S.K.: 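For reference, the structure I am asking about is given below.
What you are looking at is a predicted structure, and each value in this text was computed from that prediction instead of being measured. Sequential numbering from 1 along the given sequence is applied to the chain's residues.
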Amino acid sequence: METAYNYKEVMSRTERLAPGHRMCAGCGGTVAVRAVLRALHPEDRAVIGNATGCLEVSTFMYPYTAYEDSYIHNAFENAGATMSGVETAYRVLRKKGKLDKDCKFITFGGDGGTYDIGFQSLSGAMERGHDMVYVCYDNGAYMNTGTQRSSATPQFADTTTTPAGTASAGKVQVRKDLTAIMAEHHIPYAAQTTFTSNFKDLHTKAEKAIYTPGAAFLNVMSPCPRGWGYESSELMNICKLAVESCYWPLYEVVDGKWILNYEPKNKLPVEDFLRAQKRFKHLFKPGCGKLIAQFQAEVDTRWEELKNRCGA
């Protein structure tokens, strides 16, 4: 049974990510962090981990952090390992009677530090079943170091390491489906979400992830205005186009059961999502229609596979 929320109360909770950080205007990463931490119950304490990336360098300027909770900066590759160690130490101290208060453990990482560099430590933490949440704020490239491609970068995207031009149509490979990979670790909870009109999908999934015993993974599409090429004010519209075109479906996997959370009444063509971003502008030049058709076919295939998994 779905929990009934007073969203006015939820959205009025004290921010756990303080203002004054240096994230860009229109950055999805900041919105993702604020929304996830808002799902913590006000009386609960948390330890926040953070892999190196845009979020870390902009919210942590030693000796200051923008986090109201305990905070650990991790190297690019070991956020999962660090938080699993902290969670283990916490359980040992509770068992010895040296701690008597509940604490939650949440780690944030961008797609570079999650899909790629930190994948082995994330996979290990999930497989071992540590009582923690790993949140990927997926902006589709290594944005902090200059928009280099990652395995989260969609096909044909123009990045500094997959430049689009006369000899190239951008990134050759299709995007890795990390949410599905995490679900195959047989963890209690895995979900994919982004910023919908009232944040209900993101909030409910964040709360489930935090308060489900055991390992949980949350993949949040978090657009980047500089890397994707959109005006800051267009953040929510970009997310809406991603969901309505089924490029970024909203779903969750609860104890192995795949659940489709939203199916568009009128599925938009993926070119609506692509056209809104400068990183795909080369796809709309004369003679490139076949590339958009190829992109659409990939989206359609994944969408049908997901619906079959969910029994929709």
Side-chain angles (χ1 to χ4, degrees), residues 3 32-33 35-41 44-51 53 55 69-72 74-95 99 101-138 151-152 176-193 201-222 250-259 261 309-310:
T3 303
V33 173
V36 170
L37 296 184
R38 192 178 290 123
L40 280 162
H41 299 168
D44 286 340
R45 299 194 296 182
V47 176
I48 309 300
N50 193 182
L55 181 65
D69 293 281
S70 298
Y71 175 83
I72 304 175
N74 315 109
F76 228 143
E77 69 276 7
N78 67 351
T82 299
M83 192 55 70
S84 62
V86 173
E87 186 269 344
T88 300
Y90 168 79
R91 284 190 288 108
V92 171
L93 292 172
R94 285 290 297 262
K95 187 175 181 180
L99 286 175
K101 291 188 176 181
D102 291 334
C103 192
K104 302 300 179 182
F105 303 91
I106 306 171
T107 286
F108 294 98
D111 53 277
T114 306
Y115 282 67
D116 298 336
I117 297 175
F119 180 77
Q120 53 84 21
S121 67
L122 166 61
S123 178
M126 296 293 103
E127 185 272 334
R128 291 189 300 270
H130 293 279
D131 191 5
M132 58 177 279
V133 182
Y134 191 106
V135 181
C136 176
Y137 64 99
D138 186 344
S151 61
K176 181 190 293 183
D177 190 351
L178 185 60
T179 310
I181 293 171
M182 288 295 105
E184 292 302 327
H185 283 65
H186 306 292
I187 57 179
Y189 191 78
Q192 186 165 285
T193 185
D201 190 77
L202 176 52
H203 177 81
T204 54
K205 287 175 178 174
E207 186 174 55
K208 286 180 184 179
I210 292 169
Y211 291 98
T212 294
F217 177 78
L218 202 58
N219 202 2
V220 187
M221 192 189 78
S222 306
L250 306 179
Y251 70 94
E252 58 190 338
V253 185
V254 183
D255 292 324
K257 182 180 180 181
W258 290 67
I259 302 168
N261 303 118
R309 277 176 155 173
C310 297

S.K.: Output the distance between atom CD (Glu207) and atom CG (Leu218), rounded to the nearest 0.5 Å.
M.R.: 12.0 Å
S.K.: Please determine which of Val133, Leu37, Val220 meets the side chain to side chain contact (heavy atoms under 4.5 Å, CB included) test together with Phe108.
M.R.: Leu37
S.K.: Enumerate the residue pairs fulfilling side-chain hydrogen bond (donor to acceptor under 3.5 Å, both in side chains) with a member in residues 104-115, sequence neighbours excluded, ordered by first and then second residue.
M.R.: Asp111-Ser150, Thr114-Tyr134, Tyr115-Asp138, Tyr115-Asn219
S.K.: So, does Ser121 use its side chain to make a donor-acceptor pair with the main chain of Glu77 at under 3.5 Å?
M.R.: yes
S.K.: Tell me, do Val33 and Tyr137 make a side-chain contact under 4.5 Å, heavy atoms counted?
M.R.: no
S.K.: Do side-chain atoms of Tyr211 reach the backbone of His41 as a donor and acceptor pair under 3.5 angstrom?
M.R.: yes
S.K.: For the residue pair Phe119 and His185, does the interplanar ring angle fall in the parallel (under 30°), tilted (30 to 60°) or perpendicular (over 60°) class?
M.R.: perpendicular
S.K.: Atom CG of Leu178 and atom OG of Ser151: how far apart are they, to the nearest 0.5 Å?
M.R.: 7.5 Å
S.K.: Quick check: are there more than 12 heavy atoms from other residues, nucleotides or ligands sitting under 6.0 Å from CZ of Arg128?
M.R.: yes
S.K.: Show the nearest heavy-atom pair for residues Lys205 and Thr193, with the distance to one decimal.
M.R.: CD-CB, 3.8 Å
S.K.: For Gly109 and Ala51, which heavy atoms make the closest approach, and how far apart are they?
M.R.: CA-CB, 4.2 Å
S.K.: Do Ser84 side-chain atoms and Ala81 backbone N/O form a donor-acceptor pair below 3.5 Å?
M.R.: yes
S.K.: Could you tell me the separation between the CD1 atom of Ile187 and the CG atom of Asp255, rounded to the nearest 0.5 Å?
M.R.: 10.0 Å
S.K.: Under a 4.5 Å cut-off applied to non-hydrogen side-chain atoms, are Arg309 and Val253 in contact?
M.R.: no
S.K.: So, does Tyr189 use its side chain to make a donor-acceptor pair with the main chain of Lys208 at under 3.5 Å?
M.R.: no
S.K.: I need the Met221 CE to Leu250 CG distance, nearest 0.5 Å.
M.R.: 9.5 Å
S.K.: Would you check if the side chain of Asp44 reaches a backbone N or O of Asp102 as a donor-acceptor pair within less than 3.5 Å?
M.R.: no
S.K.: Kindly give the heavy-atom pair with the smallest separation between Leu40 and Ala46, and that separation in Å.
M.R.: CD1-CB, 3.8 Å
S.K.: Test: salt bridge (charged side-chain N to carboxylate O under 4.0 Å, His left out). Region: residues 79-88. Which pairs qualify, not counting sequence neighbours?
M.R.: Glu87-Arg91
S.K.: Drop me the distance from Asn74's CG to Met83's CE, to the nearest 0.5 angstrom.
M.R.: 6.5 Å
S.K.: Heavy atoms, side chains only, cut-off 4.5 Å: are Tyr251 and Thr179 in contact?
M.R.: yes
S.K.: If you compare all heavy atoms of Ala125 against all heavy atoms of Ala215, which two are closest, and at what distance to 0.1 Å?
M.R.: O-CB, 4.5 Å
S.K.: Considering non-hydrogen atoms only, spot the tightest contact between Ile210 and Ala39 and give its length.
M.R.: CD1-CB, 4.1 Å
S.K.: Compute the centroid of each ring, for Phe105 and then for His130, and state whether the two points are separated by less than 6.0 Å.
M.R.: no
S.K.: On a heavy-atom basis, which atom in Ala209 and which in Ala216 lie closest, and how many Å separate them?
M.R.: O-CB, 3.5 Å
S.K.: Quick check for you: to the nearest 0.5 Å, what is the distance between Ile48 atom CD1 and Leu55 atom CG?
M.R.: 10.5 Å
S.K.: Could you go step by step and tell me if Asp116 and Lys176 meet the side-chain contact (heavy atoms from CB on, under 4.5 Å) rule?
M.R.: CA-CA 10 Å; Asp116 298 336; Lys176 181 190 293 183; 4.1 Å; yes
